[in-house]
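Report on the structure given below.
In this chain, residues are counted from 1 in sequence order. The structure presented is a predicted model; accordingly, all values stated were derived computationally and were not measured.
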Amino acid sequence: MEDNSCPQLSLEQNWYVAYTYGRHEKYLAQQCGQRGIITFLPLYAVQRQWKQRRAEVLLPLFPSYVFIRIALAERFRVLALPGIVSLVSFKGLPAVVPETQIEALRKAVALGRAEPCAYLQSGKRVRVMAGPLVGLEGIVQEVKSNLRVIVSFDWMSRSVSISLGATELEVLQ
């Protein structure tokens with residue numbers, strides 16, 4: 001008896017994440033649309049200024065990524081499109097994005113409440129970018145509803161734990 005439950009041959013349509021070449025997100029979404037492939041490219045508005053001209057531009061919320069809805073069996077059709085590098089995969093299989101996360105993201109984008117933010121994890125080195133502690137560097141202590149950063153004053157051999165918003169920090173390499 002044959003096992004047809006192999007996820008690689010699935011005909012069920014799911015959301016996947018396509019990794020694109022830099023600045024190819026809109027192009028890939030357009031290419032997919034021309035071929036009847038459903039995509040979701042979350043964009044956010046930002047003000048940019050060039051010399052004496054100011055304009056609002058729409059940028060990808062996740063640079064180099066486009067969400068695509070396909071059956072896994074169709075993945076080679078997508079991988080052949082210009083602008084795509086690969087599908088985001090874990091353990092050799094393309095990662096499925098839950099429909100609920102796509103819908104929540106759609107709502108946030110539609111309401112204009114989505115903008116990019118650094119991915120913060122405990123132990124990451126960061127620099128304070130706003131407020132009275134601007135310029136100080138520290139280490140993220142915990143990431144929950146309350147983000148705390150440990151800032152060390154080497155000249156005093158003392159550290160302080162402060163509460164900051166993620167938008168006030170820049171991740172250091």
**Study point:** Distance, nearest 0.5 Å, that separates SG of C32 from CZ of R69
**Key:** 14.0 Å
Practice item. Quick one: pull up CG in L79 and CG in L81 and give me the separation to the nearest 0.5 Å. Key: 8.0 Å
Exercise for review: Please report the C-alpha distance between Q49 and R53 in whole Å, then the side-chain angles of each, then the deciding distance to 0.1 Å, and finally whether the side-chain hydrogen bond (donor to acceptor under 3.5 Å, both in side chains) criterion is met.
Suggested key: CA-CA 6 Å; Q49 185 160 344; R53 186 171 77 92; over 6 Å; no
Study note, to complete from the structure: Value for NZ (K124) from CG (L172), rounded to nearest 0.5 Å, stands at 10.0 Å
Check your understanding: How many angstroms lie between CZ in R75 and CD1 in I68, if you round to the nearest 0.5 Å?
Key -> 11.0 Å
Practice item. Tell me, yes or no, whether the heavy-atom count around R35 atom CZ, taken from other residues, nucleotides or ligands under 6.0 Å, exceeds 12. Key: yes
**Study point:** Test side chain to side chain contact (heavy atoms under 4.5 Å, CB included) applied to F62 and L105, step by step
**Key:** CA-CA 11 Å; F62 303 106; L105 199 49; 3.6 Å; yes
Check your understanding: With sequence neighbours left out, what residues match E115 under salt bridge (Lys or Arg N to Asp or Glu O under 4.0 Å)?
Key -> none
Review point. When hydrophobic residues are tied together by side-chain contacts of less than 4.5 Å, even through go-betweens, does V66 share a cluster with V97?
Key: no
Review point. So I102 and F67, side chain to side chain contact (heavy atoms under 4.5 Å, CB included) or not? Walk me through it.
Key: CA-CA 9 Å; I102 295 291; F67 297 97; 3.5 Å; yes
Check your understanding: Under the side-chain hydrogen bond (donor to acceptor under 3.5 Å, both in side chains) test, which residues partner R48, sequence neighbours left out?
Key -> none
Check your understanding: Has the side chain of E25 got a donor or acceptor atom that lies under 3.5 Å from a matching backbone atom of S64?
Key -> yes
**Study point:** Transitive ILVMFWY side-chain link V78 to V85, under 4.5 Å
**Key:** no
Practice item. Go through Q47 and V57 one step at a time and tell me if the side chain to side chain contact (heavy atoms under 4.5 Å, CB included) criterion holds. Key: CA-CA 6 Å; Q47 291 286 325; V57 293; over 6 Å; no
Practice item. Show the numbers, then the answer: is there a side chain to side chain contact (heavy atoms under 4.5 Å, CB included) between I37 and Q31? Key: CA-CA 9 Å; I37 299 168; Q31 292 294 311; over 6 Å; no
Review point. Mind checking whether Y65 and Y19 have ring centres under 6.0 Å apart?
Key: yes
Practice item. Evaluate the side-chain proximity of V88 to P94: yes if any heavy-atom separation is below 4.5 Å, no if none is. Key: no
Point to revise | Charged tip of R106 within 45° of F40 ring normal and under 6.0 Å | key: yes
Review point. So, S89 side chain and L87 main chain: donor-acceptor pair closer than 3.5 Å or not?
Key: yes
Practice item. Look at the side-chain heavy atoms of Ile, Leu, Val, Met, Phe, Trp and Tyr, link any pair under 4.5 Å apart, and say whether L111 and Y44 land in one connected group. Key: no
Review point. Hey, quick one: are V96 and F90 part of the same hydrophobic cluster, counting side-chain heavy atoms closer than 4.5 Å, chains of contacts allowed?
Key: no
Check your understanding: Taking the side chain from E103 and the backbone from T100, do they hold a donor-acceptor pair closer than 3.5 Å?
Key -> no
Exercise for review: Measure the spacing between CG of L28 and CD1 of I84 and express it to the nearest 0.5 Å.
Suggested key: 5.5 Å
Study note, to complete from the structure: On a heavy-atom basis, the closest approach of T39 and A29 is OG1-CB, 3.9 Å
Exercise for review: If a pair satisfies salt bridge (Lys or Arg N to Asp or Glu O under 4.0 Å) and one of its residues is in residues 164-173, list it, with sequence neighbours excluded.
Suggested key: R127-E170
Review point. Is there a chain of hydrophobic side chains (I, L, V, M, F, W, Y, each step under 4.5 Å between heavy atoms) that links V126 to V134?
Key: no
Revision key, fill the gap. Taken to the nearest 0.5 Å, the spacing of K26 NZ from L43 CG works out to 5.5 Å
